[in-house]
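Because the structure is a prediction, the values reported are computed rather than measured.
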Amino acid sequence: MLKIAILGLGEGRSTMSAAIESSKVELVKVCDRNEELCKQRAKEFDFPHYTTNYDNLLQDEAIDIIAIYTPDHLHAEHVKQALLHGKHVVCTKPFIDDLAAAKELIAISEQTGKKVFVGQSSRFFEPAKRQRKDFEAGVIGDLITIESHYHADHRWFLKKEWSLLQSFKWLYGGLSHPVDFIRWYLPNIEEVMGYGMISSNGKTAGLKNEDTMHFIFKATDGRIARVSGVYTSPTQPTKRDSGMTVILRGTEGASQADYHELRYSVTDKEGEEKIIHWGDATIKYYFRFEGQSHHGGEYQNYLEYFADSIEQGFTAYPDMKEGIGTVALLQAMDKTLQTGMPVKIADVLGEYDIQL
């Protein structure tokens with residue numbers, strides 16, 4: 001059984017639950033520089049093996065995988081050190097916040113032969129898994145277009161002082177989820193165009209960056225997709241809509257996966273319409289804590305998938321290059337908001353001499 005350690009115990013809370021419950025990985029140590037948080041997690045999970053020094057994880061030869069859940073600006077250095085110490089890596093999204101580090105990380109990963117997996121947890125939720133399975137089985141025919149959104153009433157979030165800093169952008173913190181869905185089905189996006197604004201609610205709170213955004217993507221084969229994010233407005237009832245959804249429209253059918261609602265609908269190529277609710281059957285597996293603030297089931301699904309990839313020798317996606325590609329797309333989206341002009345992804349990658 002592969003041995004795993006976790007760095008960062010805020011979001012890493014879900015990963016602790018996932019690793020402890022899994023039969024494919026063994027949690028051996030956790031780390032956070034906040035010792036009080038370490039003690040809190042130790043008590044919550046009855047798991048006393050913690051440290052406040054990342055070097056203790058790096059130097060432990062028994063550890064096979066380090067799972068990284070630190071703030072975005074620390075990811076590149078933490079991933080680099082894990083690879084240089086012979087560890088496989090799980091890193092939460094977004095993979096890195098500065099493409100200047102990408103070229104070196106790709107080289108180190110290739111030199112060490114260690115795997116890197118980006119924890120885009122939404123792919124590993126029950127509706128998204130079923131949608132992908134049906135798509136790959138040809139249930140809706142060939143893909144024509146895809147639409148995704150993440151709409152949430154996060155006005156409460158604006159009470160956090162750091163949410164009003166210039167450095168905070170919903171583009172990266174929120175839209176990275178639906179953007180990953182788009183890239184999952186249309187990986188070869190070449191250009192993006194979008195508009196954004198700070199809503200009146202956002203302006204009243206003092207928000208510095210856009211909380212309302214709509215984008216159109218164009219792939220190299222000519223197919224188009226769209227994504228949107230709205231974060232400071234009331235939402236529709238969940239029976240009518242979903243906070244996060246992805247819709248595939250194919251040549252012979254269509255499907256929709258609704259994130260939090262554990263709901264999936266499909267019109268297949270025979271014209272049959274189905275709506276599937278998982279409800280009580282899996283809700284406690286996916287949502288293990290208060291409300292829906294942490295979703296350990298997805299993390300367990302992807303940890304086990306990554307463990308299988310190490311032991312069976314296949315590539316677990318999103319891998320490092322796909323994670324870097326998503327960051328490049330997000331930066332292109334940021335640029336089109338600033339310029340009001342279409343932006344080509346190749347131009348963003350070219351600024352950093354990155355070949356994917």
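Evaluation of the side-chain hydrogen bond (donor to acceptor under 3.5 Å, both in side chains) test over residues 332-343, restricted to residues two or more places apart or in two chains, returns Lys169-Asp334, Tyr172-Asp334, Asp334-Gln338, Lys335-Glu351. Residue pairs meeting the ring pair (Phe, Tyr, Trp, His ring centres under 6.0 Å) criterion with at least one member in residues 10-51, sequence neighbours excluded, are Phe47-His49. The side-chain hydrogen bond (donor to acceptor under 3.5 Å, both in side chains) analysis of residues 267-279, with sequence neighbours excluded, yields no pairs.
The closest donor-acceptor contact from the side chain of Thr235 to the backbone of Ala152 lies at 3.5 Å or more, if one exists at all. Without hydrogens or angle criteria, Asp134 side chain to Val139 main chain gives no donor-acceptor distance under 3.5 Å. Of the possible polar contacts, none joining the Ser17 side chain to the Gly296 backbone as a donor-acceptor pair under 3.5 Å is found. Remark: the backbone N or O of Lys115 is paired with a side-chain donor or acceptor of His88 at under 3.5 angstrom. Between the side chain of Arg223 and the main chain of Leu143, a donor-acceptor pair closer than 3.5 Å is present. With hydrogens and angles ignored, the 3.5 Å screen pairs a side-chain donor or acceptor of Asn209 with a backbone N or O of Gln166. Not one N or O on the side chain of Arg41 forms a donor-acceptor pair closer than 3.5 Å with the backbone of Pro48. Side-chain atoms of His75 come within 3.5 Å of backbone atoms of Phe95 as a donor-acceptor pair (strictly under, hydrogens ignored).
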Problem set entry | Stepwise side chain to side chain contact (heavy atoms under 4.5 Å, CB included) test for Leu303 and Val90 | CA-CA 8 Å; Leu303 285 185; Val90 172; 4.2 Å; yes
Exercise. What do the steps show when you test Glu126 against Thr282 for side-chain hydrogen bond (donor to acceptor under 3.5 Å, both in side chains), and what is the final call?
Worked result: CA-CA 8 Å; Glu126 204 69 35; Thr282 59; 5.1 Å; no
For this session: Step by step, work out the side chain to side chain contact (heavy atoms under 4.5 Å, CB included) result for Lys208 and Ile198.
Result: CA-CA 8 Å; Lys208 304 300 188 298; Ile198 303 176; 5.8 Å; no
For this session: Might you work through the side chain to side chain contact (heavy atoms under 4.5 Å, CB included) test for Val118 and Asp319, ending with a clear yes or no?
Result: CA-CA 6 Å; Val118 181; Asp319 63 353; over 6 Å; no
Problem set entry | Derivation and outcome, salt bridge (Lys or Arg N to Asp or Glu O under 4.0 Å), residues Arg155 and Asp153 | CA-CA 6 Å; Arg155 286 175 290 179; Asp153 187 354; 2.8 Å; yes
Exercise. Between Asp60 and Lys29, does a salt bridge (Lys or Arg N to Asp or Glu O under 4.0 Å) hold up when you go through it step by step?
Worked result: CA-CA 10 Å; Asp60 190 337; Lys29 200 172 291 183; 3.2 Å; yes
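Residue Glu136 qualifies as enclosed at atom CD: its count of foreign heavy atoms under 6.0 Å is above 12. By the neighbour-count criterion of 12 heavy atoms within 6.0 Å, atom CZ of Arg226 is sparsely surrounded, having that number or fewer from other residues, nucleotides or ligands. Residue Asp46 places its CG atom among 12 or fewer non-hydrogen atoms of other residues, nucleotides or ligands, all under 6.0 Å distant. The number of heavy atoms from other shown groups lying within 6.0 Å of CD (Gln312) is above 12.
Cation-pi geometry between Arg132 and Tyr185 is met: the NZ or CZ atom falls under 6.0 Å from the ring centre, inside 45° of the normal. With a 6.0 Å cutoff to the six-membered ring centre and a 45° limit on the axis angle, Arg288 counts as a cation-pi contact of Tyr285.
In this structure, a donor-acceptor pair under 3.5 Å is absent between the side chains of Gln59 and Tyr54. Of the N and O atoms on the side chains of Thr238 and Glu261, not one donor lies less than 3.5 Å from an acceptor on the other residue. Under the 3.5 Å distance criterion, with hydrogens and angles disregarded, no donor-acceptor pair is assigned to the side chains of Thr232 and Asn201.
By the 4.0 Å N-to-carboxylate-O rule, Asp353 lies close enough to Lys103 to be salt-bridged with it.
For the ring-ring contact (aromatic ring centres under 6.0 Å, His included) with Phe117, the qualifying choice from Phe314, Tyr317, Phe306 is Phe306, the only one to do so.
Residues meeting the salt bridge (Lys or Arg N to Asp or Glu O under 4.0 Å) test with Glu322, sequence neighbours left out: Arg123. By the side-chain hydrogen bond (donor to acceptor under 3.5 Å, both in side chains) test, Arg33 pairs with no residue at all, sequence neighbours left out. Under the ring pair (Phe, Tyr, Trp, His ring centres under 6.0 Å) criterion, His149 pairs with His151, not counting sequence neighbours. With sequence neighbours excluded, the residues that form a ring pair (Phe, Tyr, Trp, His ring centres under 6.0 Å) with Tyr231 are Tyr150, Trp170. A search for side-chain hydrogen bond (donor to acceptor under 3.5 Å, both in side chains) contacts involving Thr245 returns Gln256, Asp258, not counting sequence neighbours. Residues meeting the side-chain contact (heavy atoms from CB on, under 4.5 Å) test with Asp142, sequence neighbours left out: Thr251. Residues passing the ring pair (Phe, Tyr, Trp, His ring centres under 6.0 Å) test with Phe125 are Tyr259, Tyr286, Phe287, sequence neighbours excluded.
Considering every non-hydrogen atom in both Gln331 and Asp97, the closest pair reads NE2-O, 3.8 Å. Nearest approach of Met320 to Ser109, heavy atoms of both residues: CE-CB, 3.7 Å. Thr52 and Cys31 get closest at one heavy-atom pair: C-SG, 3.9 Å. Between Leu186 and Ala219, the closest heavy-atom pair is CD2-CB, 4.3 Å.
No continuous path of ILVMFWY side-chain contacts below 4.5 Å connects Tyr195 to Ile182, so the two sit in separate hydrophobic clusters. Linking ILVMFWY residues whenever their side-chain heavy atoms come closer than 4.5 Å, directly or via other members, leaves Met193 and Phe217 in distinct clusters. Grouping the Ile, Leu, Val, Met, Phe, Trp and Tyr side chains by contacts below 4.5 angstrom, directly or via other members, places Val327 with Ile354. Under a hydrophobic-cluster definition in which Ile, Leu, Val, Met, Phe, Trp and Tyr are linked whenever side-chain heavy atoms come within less than 4.5 Å, directly or via other members, Ile224 and Ile189 are assigned to different clusters. A chain of hydrophobic side-chain contacts below 4.5 Å, direct or via other Ile, Leu, Val, Met, Phe, Trp or Tyr residues, connects Leu58 to Ile108.
Inter-residue side-chain proximity for His177 and Ser121 is flagged as met; some heavy-atom pair is nearer than 4.5 Å. With contacts defined as side-chain heavy-atom distances shorter than 4.5 Å, the pair Leu337/Met213 qualifies.
One finds the OG1 atom of Thr15 at 11.0 Å from the CD atom of Glu298 (value rounded to the nearest 0.5 Å).
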Which pairs would a plain distance check flag for residues 20-28, meaning a side-chain donor or acceptor within less than 3.5 Å of a matching protein atom at least two apart in sequence or in another chain?
residue	atom	partner	partner atom	Å
Ser22	OG	Lys24	N	3.0
Ser22	OG	Glu304	OE2	2.8
Lys24	NZ	Asp308	OD1	3.0
Lys24	NZ	Asp308	OD2	2.9

Name every donor-acceptor pair, under 3.5 Å, that has one atom in a side chain of residues 76-83 and the other anywhere in the protein, sequence neighbours excluded.
residue	atom	partner	partner atom	Å
Glu77	OE2	Gln81	NE2	2.9
His78	ND1	Thr70	OG1	3.0
His78	ND1	Leu74	O	3.4
Lys80	NZ	Glu104	OE2	3.0

